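These notes are about the structure you will find just below.
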Amino acid sequence: MTTLRLIYLITLVMTVGVSYAEKPKPYVIVIDAGHGGTDPGALGCFTTEKDINLAIAKKLGNLLTATFPDVKVIYTRSTDVFVKIRDRMQKAKDVNADLFISIHCNSAAKENPNRTSLSGTSVYILGNENTDKNLSVVMAENAAILLEDDYKTKYQGFDNSPEQYIFMEICQSKMVGKSIELAEKVQSQLVKHAGLRDNKVRQTQAIWLVLHSTMPLIFLEVDFICNPEREKYMASETGQRKIAEAVVNGIAAYRNTKITLPKPTTPDAPQSPEVREPEKAQPTPSPTQTSSDPTYHIQIFVAADQLQANSPKFKGLTPAHYYRDGSAYKYYYGSYPTQDAARKALPEVKRLFPDAFVITMQEGKRIK
Ligand SMILES: [Zn+2]
């Protein structure tokens with residue numbers, strides 16, 4: 001009996017020990033919001049590529065962790081800062097990422113007479129196709145490198161000239177096949193789920209090739225920011241949510257996993273060019289955030305009681321959320337990924353609420 005109990009104990013210890021040792025490694029997805037800080041990326045009418053990229057990146061990250069229990073999300077940047085491309089790559093290498101997803105908005109050159117009507121989504125993979133068109137996309141995206149003071153030493157004479165790309169060595173590996181598979185699944189969902197025009201999976205060459213040999217890597221050129229209508233869609237809550245959901249669906253298909261997308265925490269806005277217009281909703285307490293990243297909002301007024309969603313006191317700025325401060329209800333409007341973005345929206349709001357100001361919220365609480 002004692003021997004049996006001992007054996008049982010030893011087995012238990014071993015089993016627990018083994019299960020600790022074999023705790024599955026998380027599936028690491030690095031999300032790279034293109035540009036940032038001093039590098040705005042392409043410019044829209046009322047927003048910049050860096051802000052849209054970051055907003056989509058954060059929605060995607062939250063949605064991925066809410067959907068896949070084994071996924072760990074790492075951001076190359078989670079605020080409006082300039083991050084060197086080399087550092088973005090290094091981060092992905094350091095965490096031994098399983099996937100790398102870089103988010104960008106497309107844009108046509110100023111001389112292009114059709115630039116305000118261009119539309120469509122393309123997922124780019126790295127390959128050796130070498131057309132002028134691809135080259136211009138790559139050069140625009142890699143122009144960020146020129147903003148790094150020490151790019152000459154770091155990228156060994158990188159000067160963003162076409163020759164640079166033509167002579168760049170192509171690293172072919174099994175990762176190329178995986179990237180293509182991932183790109184096709186994501187592309188098809190961006191068209192089907194997010195309703196974007198299909199500009200097909202494309203190939204590009206980039207300095208990012210270095211990373212390509214170690215992990216599947218895709219670049220999203222979500223849609224054209226130089227087309228005001230597409231810009232509005234990409235800047236809207238609904239658009240960003242749909243785009244993030246499409247990428248999650250694509251990753252699920254790539255991983256051969258069945259998923260159920262979590263319900264939106266905020267009601268969807270109408271899917272019209274007026275997507276930034278007020279949504280119809282009950283005023284609700286601050287939504288629970290799945291990430292600890294701060295978000296920025298505009299506080300509009302303080303009231304002693306909870307108001308109806310359609311209360312004229314909101315002057316049409318709905319949905320408004322509130323946080324409690326003692327017995328007071330402090331109402332705020334909008335949600336912005338960066339303080340800068342919130343500050344940009346502030347003057348509009350001040351026309352209705354002259355005392356409005358920007359606040360920072362984290363995990364449902366206001367922080368100072
Ligand atoms: Zn870009």
Side-chain angles (χ1 to χ4, degrees), residues 31 33 35-40 46-48 50-63 65-66 73-83 87 91 235-237 240-241 244 264-267 269 276 278-279 281-309 311 313-368:
I31 303 177
H35 313 279
T38 49
D39 170 23
F46 65 97
T47 182
T48 56
K50 65 173 183 177
D51 287 338
I52 290 182
N53 295 345
L54 184 58
I56 294 174
K58 285 188 171 177
K59 285 209 173 53
L60 174 59
N62 288 341
L63 210 52
T65 40
V73 168
I74 306 277
Y75 297 96
T76 54
R77 69 176 178 101
S78 57
T79 55
D80 183 20
V81 286
F82 179 72
V83 182
D87 293 344
K91 197 164 191 179
S236 72
E237 281 288 322
Q240 291 171 358
R241 165 109 196 159
T265 48
T266 49
R276 284 216 144 183
E279 303 160 298
Q282 292 293 320
T284 50
S286 14
T288 321
Q289 289 166 290
T290 47
S291 126
S292 57
D293 289 329
T295 49
Y296 303 88
H297 314 268
I298 298 173
Q299 184 165 319
I300 46 180
F301 63 86
V302 178
D305 44 19
Q306 197 177 348
L307 301 169
Q308 290 294 313
S311 165
K313 285 188 178 170
F314 293 118
K315 301 181 184 175
L317 279 191
T318 53
H321 295 286
Y322 66 77
Y323 63 92
R324 297 293 301 267
D325 188 359
S327 59
Y329 290 80
K330 300 196 167 178
Y331 289 92
Y332 61 90
Y333 171 76
S335 181
Y336 309 88
T338 65
Q339 193 153 31
D340 255 12
R343 281 200 187 124
K344 260 182 228 163
L346 184 60
E348 262 315 281
V349 177
K350 273 191 169 231
R351 280 176 22 196
L352 295 169
F353 297 95
D355 298 329
F357 57 94
V358 173
I359 59 166
T360 310
M361 300 283 289
Q362 194 164 28
E363 287 167 342
K365 291 194 181 79
R366 185 181 169 198
I367 56 164
K368 307 217 174 182

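Counting from 1, the numbers follow the sequence of the chain as shown. Remember, it's a predicted structure, so these values are computed and weren't measured experimentally.
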> With no hydrogens and no angle check, is any side-chain donor or acceptor of His297 less than 3.5 Å from a backbone partner on Tyr333?
Replying inline: no
> Shortest non-hydrogen contact from Tyr75 to Ala57?
Replying inline: CE2-O, 3.5 Å
> Under a 4.5 Å cut-off applied to non-hydrogen side-chain atoms, are Leu63 and Arg241 in contact?
Replying inline: yes
>> Can you tell me how far apart NE2 (His35) and OG1 (Thr48) are? Round to the nearest 0.5 Å.
In response: 10.0 Å
> Looking only at heavy atoms, which two atoms of Ala341 and Asp51 are closest? And how far apart?
Replying inline: CB-OD2, 4.3 Å
> Do Val83 and Lys91 come within less than 4.5 Å of each other through their side chains, counting heavy atoms only?
Replying inline: no
>> Between Arg366 and Asp325, does any NZ, NE, NH1 or NH2 come within less than 4.0 Å of an OD or OE carboxylate oxygen?
In response: no
> Backbone N or O of Asp39 within a donor-acceptor pair of the Lys50 side chain at under 3.5 Å?
Replying inline: no
> Hey, is the main chain of Ala33 close enough, under 3.5 Å, to the side chain of Arg77 for a donor-acceptor pair?
Replying inline: yes
>> With side chain to side chain contact (heavy atoms under 4.5 Å, CB included) as the criterion, how do Asp80 and Gln339 come out once you've worked through the C-alpha distance, each side chain's angles and the decisive distance to 0.1 Å?
In response: CA-CA 8 Å; Asp80 183 20; Gln339 193 153 31; over 6 Å; no
>> To the closest 0.5 Å, what do you measure between OG1 (Thr79) and CG (Asp340)?
In response: 10.5 Å
> Hey, what do you get for CD1 (Ile31) to CG (Asn62), rounding to the nearest 0.5 Å?
Replying inline: 8.5 Å
> Can you find a pair of side-chain heavy atoms, one from Thr360 and one from Tyr296, that are under 4.5 Å apart?
Replying inline: yes
>> Please evaluate residues Gln299 and Tyr323 with respect to the criterion side chain to side chain contact (heavy atoms under 4.5 Å, CB included), reporting the C-alpha separation (whole Å), side-chain torsions for both, the decisive distance (0.1 Å), and the verdict.
In response: CA-CA 10 Å; Gln299 184 165 319; Tyr323 63 92; 2.5 Å; yes
> If you round to the nearest 0.5 Å, how far is CD1 of Ile298 from CZ of Arg343?
Replying inline: 11.0 Å
>> Evaluate Ile359 against Lys330 for side chain to side chain contact (heavy atoms under 4.5 Å, CB included), listing each step before the verdict.
In response: CA-CA 11 Å; Ile359 59 166; Lys330 300 196 167 178; over 6 Å; no
